[in-house]
Amino acid sequence: MSRKKRIFEIIQIGNRQDVPSRICDYVIVATIIVNIAVMIMMTFDSLNAWDGLLRAVDAVTICIFITEYALRIWTSEYLFPESTKRRAAFKFITSFDGIIELLTILPFFFLTGFVAFRLLRVVRVFHLFRVNQQFDAFNVITSVLYEKKDQLLSSVFIILVLMLASSLCMYSVEHEAQPEAFQNAFSGIWWSMSTMFTIGYGDVYPITIAGRVLAIIIAFLGVGAVAIPTGIISAGFVEKYNRTKREDVILHRMVVDIDSGWIGLSADEIEQQAGQMVVLVRRDGELFRPDDGYRVQMHDHLAMVNRLAMKK
């Protein structure tokens, strides 16, 4: 095994049998926790005396993030074995995980407002401890949002139309009474948004009787409109859960992510290591059975059967 392939296996998350890989997992998680703790502590004026130490710890953790990011780019050819080295590196850099890792590094140099993106690295904790080993909870969320995207876009469009209509209506009844607050048709957008989403800052509000009656109507409509996306997403989760429960309990589904320890393995190797028989694979919308030349790639959808359960 080449040194590069071995490094790729070590930095991948989830290989419980590989001791160096597990140590790397815990080091990264500890680094994330320390980095977030330091980030919070640096906001306290009472800890200014420790500013030098905190900045030094922050610099060390950032160096670890940069090293990991560079190693992932260097070994990306094993993550995307069907692509050339440059193409594989580009795919990783432009992938969701690659962008998140980059956003955790940039705030150290500039764009300090993006420092909150480091919190997304906590996702690794869920990968490490495998909250849902067969079907990652994050994949459930993304799949539900994708399945319901048309309904969600329609509901967002309805909200935007309602906001624009309420702004125009409020301008027509309030402009003469308070021209500074409602200067034009778009000046009521802030008021309509704060009313529909029940923020209620109170900096802009109607003072006429017609305006207040209209505000009551818009507030009621806003509560219903904003509740639509929530209902759609909730119904999507219920449907997803019911579909999963109706399926044979022996059959498992898994979406291969960037931290899967199965990337590059064949179906036979997965069966030997995990006792799971890969029966179907979906890749780029195509469904096929794995053959001798099949190798797992990121974003593959695997349908698997527990080998021991089949023997029983």
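Any value given below was found using the heavy atoms of this structure, including those in side chains, with hydrogens, waters and symmetry copies removed. Owing to the predicted nature of the structure, the values given are computational and were not obtained by experimental measurement.
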Side chain to side chain donor-acceptor pair (under 3.5 Å) with [X]: which residues, sequence neighbours excluded?
X	value
K4	E77
Y78	S2
Y69	none
R87	none

Donor-acceptor pairs under 3.5 angstrom involving side-chain atoms of residues 277-287: please list them, not counting sequence neighbours.
unit_1	atom_1	unit_2	atom_2	d
R282	NH2	H301	ND1	3.3
R283	NE	D300	OD1	2.9
R283	NH2	R295	O	3.0
R283	NH2	D300	OD2	2.9

[X] [atom1] to [Y] [atom2] distance, which is reported to the nearest 0.5 Å:
X	Y	atom1	atom2	answer
T61	I28	OG1	CD1	10.5 Å
T75	I263	OG1	CD1	10.0 Å
T94	L102	OG1	CG	11.5 Å
C63	D58	SG	CG	9.5 Å
L152	I228	CG	CD1	11.0 Å
L265	E271	CG	CD	13.0 Å

Flag, side chain of R72 to backbone of I11, donor-acceptor distance under 3.5 Å: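 Yes.
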
Any side-chain to backbone donor/acceptor pair from S76 onto A89? Under 3.5 Å, distance only. yes

Please tell me if the side chains of [X] and [Y] come closer than 4.5 Å, counting only heavy atoms from C-beta onward.
X	Y	value
M42	V38	yes
I10	R6	yes
F65	I62	yes
Q297	P81	yes
D25	V29	no
V60	T31	no
S95	F92	yes

Suppose we screen for salt bridge (Lys or Arg N to Asp or Glu O under 4.0 Å). Which residues come up paired with K85, at least two apart in sequence or across chains?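 With sequence neighbours excluded, K85 shows a salt bridge (Lys or Arg N to Asp or Glu O under 4.0 Å) to no residue whatsoever.
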
Quick one: list whatever passes salt bridge (Lys or Arg N to Asp or Glu O under 4.0 Å) with E82, sequence neighbours left out.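 E82: salt bridge (Lys or Arg N to Asp or Glu O under 4.0 Å) contacts with K91.
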
Taking everything shown except D150 itself, do over 12 heavy atoms lie less than 6.0 Å from its CG?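 Counting neighbours around CG of D150, more than 12 heavy atoms of other residues, nucleotides or ligands fall under 6.0 Å, so yes.
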
Answer yes or no: does atom CZ of F157 have more than 12 heavy-atom neighbours from other residues, nucleotides or ligands under 6.0 Å? no

Shortest non-hydrogen contact between [X] and [Y], atoms and distance:
X	Y	value
K148	I232	CB-CG2, 3.8 Å
I105	I66	CG2-CG1, 3.6 Å
P229	S155	CG-OG, 3.5 Å

Shared hydrophobic cluster for [X] and [Y] (ILVMFWY, side-chain gaps under 4.5 Å):
X	Y	value
I233	Y146	no
I189	V161	no
M163	V173	yes
I93	F90	no
I158	L164	no

The test is side chain to side chain contact (heavy atoms under 4.5 Å, CB included); show your working for F8 and W74 and say whether it passes. CA-CA 9 Å; F8 170 76; W74 184 50; over 6 Å; no

Table please: side-chain donor-acceptor pairs of residues 208-224 below 3.5 Å, with sequence neighbours left out.
unit_1	atom_1	unit_2	atom_2	d
T208	OG1	E174	OE2	2.4
T208	OG1	G211	N	3.0
R212	NE	P206	O	3.4

The remaining residues in the hydrophobic cluster of L153, counting side-chain heavy-atom contacts under 4.5 Å among Ile, Leu, Val, Met, Phe, Trp and Tyr, are none

Under the 4.5 Å side-chain heavy-atom rule for ILVMFWY, direct or indirect, which residues accompany V156? L160

Y171: what forms a ring-ring contact (aromatic ring centres under 6.0 Å, His included) with it, not counting sequence neighbours? H175

Suppose the criterion is salt bridge (Lys or Arg N to Asp or Glu O under 4.0 Å): which pairs have a residue in residues 38-51, not counting sequence neighbours?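 Of all non-adjacent pairs touching residues 38-51, those that pass salt bridge (Lys or Arg N to Asp or Glu O under 4.0 Å) are D51-R55.
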
